[in-house]
Amino acid sequence: MKIRAITRLCLFGVLAVGLWACTGGYSFTGASIPPGAKTIAVETFPNFAPTVNPQLSQKMTDELMQMFSTQTSLSVVNGTEGDLQISGQITGYETRASALSSDDNVSMNRLTITIKVKFVNTLDPDADFEQQFSRFRDYAASQDFSSVESGLMSEIVTELCEDVFNKAVVNW
């Protein structure tokens with residue numbers, strides 16, 4: 001009788017320790033947050049592209065902040081005082097022809113946005129990186145760029161933010 005009670009107590013203890021060890025580093029988004037990390041700082045991404053979209057800097061910064069606050073347990077903080085820190089800049093914003101029709105006329109154009117990102121993990125410096133990310137969207141040359149620009153930009157920004165998020169905290 002006593003052996004059975006001791007076995008149950010030991011099993012309960014192992015289970016409790018196992019569950020405790022799993023907290024802090026797992027999220028249902030696949031994010032792997034280092035134990036002890038509570039905050040992330042996302043600095044504003046200045047726009048140094050030769051062609052400047054005045055909304056792009058704020059949109060990029062806001063979307064990154066929102067992604068980290070909704071998909072992780074991290075608190076977004078101002079400045080550079082986070083356990084994890086993201087800074088960067090927009091280095092490219094260009095549209096150019098991407099496909100020709102059979103009669104040598106432009107049939108498709110491509111909007112490309114490029115960013116340079118620096119990620120600092122104050123708890124695990126081996127996870128730091130500095131990398132360039134680039135994404136694009138094609139659109140019909142018959143469309144007026146100003147009428148599709150906002151939608152294309154939003155789609156590209158979302159993909160760029162996912163790339164940064166995955167590189168920073170998803171270790172797949």
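No experiment lies behind these values; they were computed from the predicted model shown.
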Run through Thr112, Asn47, Thr114, Asn53 and flag the one making a side-chain hydrogen bond (donor to acceptor under 3.5 Å, both in side chains) with Tyr93.
Asn53
How about [X] and [Y]: do any of their side-chain heavy atoms sit closer than 4.5 Å?
X: Thr72; Y: Ile40; value: no
X: Val117; Y: Phe129; value: yes
X: Lys167; Y: Asp163; value: no

Less than 4.0 Å between a side-chain N and a carboxylate O, is that true for Arg110 and Asp138?
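Judged by the 4.0 Å cut-off on N to carboxylate O distance, Asp138 and Arg110 do form a salt bridge.
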Looking at Glu155 and Arg135, does any basic side-chain N land under 4.0 Å from a carboxylate oxygen?
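So Glu155 does not pair with Arg135 through a salt bridge.
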Strictly distance-based, threshold 3.5 Å: is any side-chain N or O of [X] a donor or acceptor partner for the main-chain N or O of [Y]?
X: Asp128; Y: Asn121; answer: yes
X: Gln85; Y: Gly82; answer: yes
X: Ser75; Y: Thr39; answer: no

When rounded to the nearest 0.5 angstrom, what distance separates CG in Leu74 from NZ in Lys38?
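Going from the CG atom of Leu74 to the NZ atom of Lys38 covers 9.5 Å.
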How many angstroms lie between atom CG of Leu160 and atom NZ of Lys59, to the nearest 0.5 angstrom?
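Here the rounded value is 11.5 Å.
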Please check if Val157 and Phe145 belong to a single hydrophobic cluster, counting links between Ile, Leu, Val, Met, Phe, Trp and Tyr side chain heavy atoms closer than 4.5 Å.
yes
Carefully, step by step, assess Ile113 and Phe136 under the rule side-chain contact (heavy atoms from CB on, under 4.5 Å).
CA-CA 6 Å; Ile113 301 175; Phe136 65 87; over 6 Å; no
Near Gln66 CD, under 6.0 Å, is it more than 12 heavy atoms from other residues, nucleotides or ligands?
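Counting other residues, nucleotides and ligands, CD of Gln66 stays at 12 neighbours or fewer.
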Residue pair Val76 / Met65: nearest heavy atoms and the distance that separates them:
CG2-O, 3.6 Å
